[in-house]
Structures are given as structure tokens and as C-alpha cells.
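Worksheet: the structure to be examined is printed underneath.
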Amino acid sequence: MAVPVTLGILYGIWAPFIQRHGSPLNALQITLGVVSGLAVAVLVFVLMRLPKTMTPELRAMAFGVVAGVSVGFLHSLTYASVLRSSGIGLTVGVASAIATFYYFHTREP
């Protein structure tokens with residue numbers, strides 16, 4: 001329970017600060033932080049509770065998708081191009097999927 005909550009809080013704090021670009025914090029940015037932090041916390045909580053009867057490939061892909069979409073969204077808040085944000089999200093997602101696939105195959109029976 002501590003990992004999803006911690007990731008949600010960190011993500012929820014980080015998102016509005018990226019979008020601020022030096023301007024004062026406003027209600028819309030606070031809403032963005034709360035909603036995005038809550039979404040990440042719920043997704044990570046669900047992923048960590050996935051049944052171990054699922055194949056490691058499917059679980060690793062799910063972790064990769066959540067990580068890639070999260071990082072791609074954060075990068076898109078910097079007003080970067082859609083192509084660059086998608087590329088960074090895809091790279092992080094593939095790397096996360098590979099890392100979790102390795103973890104599931106070496107640590108779990």
C-alpha cells in the first residue's frame with residue numbers, strides 16, 4: 001500500500017510544477033496534480049494486486065504501459081511535441097516492461 005500512495009503523491013506534486021513554467025500555482029494546476037496523482041496511485045495499486053496466475057508477459061506489459069503513459073504525459077506537460085513525448089513514453093514503457101519481465105521470471109516461481 002505504501003508504494004502506490006508514495007508514487008501517487010510524488011506524481012501529483014511533480015505534474016503541476018512541470019506545467020507551471022515559473023508562473024504562480026493556480027487551481028487548475030492543483031486539480032491536475034490531484035487527479036493525475038490519484039490516477040497513478042490507483043493504477044499502480046491495481047497492478048500490484050494483479051493475480052500471480054497471469055502470465056509474466058502480460059503483467060510486464062501492463063507495468064510497461066502504465067510507466068510509459070505516465071512518463072509520456074509528464075513530458076507532454078513541458079509543451080514538447082507529441083512525437084517526442086510519445087517517443088520518450090514508448091522508450092520508458094519498453095524499458096519498464098523488459099525490467100519487470102526479467103524480475104517476474106527470475107524472482108517468482
**Report entry** Results of ring-ring contact (aromatic ring centres under 6.0 Å, His included) for Phe101 - residues two or more places apart only
**Finding:** His105
Requested in this report: Would you give the length of the straight line joining atom CG of Leu43 to atom OG of Ser70, rounded to the nearest 0.5 angstrom?
Outcome: 7.0 Å
**Report entry** Sidechain-backbone polar pair: Tyr103 side chain, Ile98 backbone, donor-acceptor under 3.5 Å
**Finding:** no
Query - Residues that, via side-chain heavy atoms closer than 4.5 angstrom, fall in one hydrophobic cluster with Tyr102 - result: none
**Report entry** Which residues share a side chain to side chain contact (heavy atoms under 4.5 Å, CB included) with Ile13, sequence neighbours left out
**Finding:** Ile9, Phe17
Query raised in the report: Just by distance, do the side chain of Thr78 and the backbone of His75 share a donor-acceptor pair under 3.5 Å?
Result: yes
Tell me which donor-acceptor pairs under 3.5 Å the side chains of residues 22-37 have, and how far apart each pair is, sequence neighbours excluded?
residue, atom, partner, partner atom, Å
Ser23, OG, Arg20, O, 2.8
Asn26, OD1, Leu28, N, 3.2
Asn26, OD1, Gln29, N, 2.9
Gln29, OE1, Asn26, N, 3.2
Thr31, OG1, Ala27, O, 2.8
Ser36, OG, Leu32, O, 2.7
Ser36, OG, Gly33, O, 3.4

Report summary line: Grouping ILVMFWY residues whenever side-chain heavy atoms fall under 4.5 Å, the cluster of Val92 otherwise contains Val71, Ile88
Query raised in the report: Got Trp14 and Ile18 here, is their nearest side-chain heavy-atom distance under 4.5 Å?
Result: yes
Query raised in the report: Mind checking what makes side chain to side chain contact (heavy atoms under 4.5 Å, CB included) contact with Leu47, not counting sequence neighbours?
Result: Leu50, Ala62, Phe63, Val66
Query - Intermediate values then yes/no, side-chain contact (heavy atoms from CB on, under 4.5 Å), Met48 and Val3 - result: CA-CA 9 Å; Met48 293 183 77; Val3 172; 3.9 Å; yes
Query raised in the report: Has the side chain of Ser96 got a donor or acceptor atom that lies under 3.5 Å from a matching backbone atom of Gly93?
Result: no
Query - Any Phe45 side-chain heavy atom under 4.5 Å of Val5 side chain - result: no
**Report entry** Nearest heavy atoms of Gly8 and Ala41, plus distance in Å
**Finding:** CA-CB, 3.9 Å
Query raised in the report: Side-chain heavy atoms under 4.5 angstrom apart, residues restricted to Ile, Leu, Val, Met, Phe, Trp, Tyr: same cluster for Leu7 and Phe73?
Result: yes
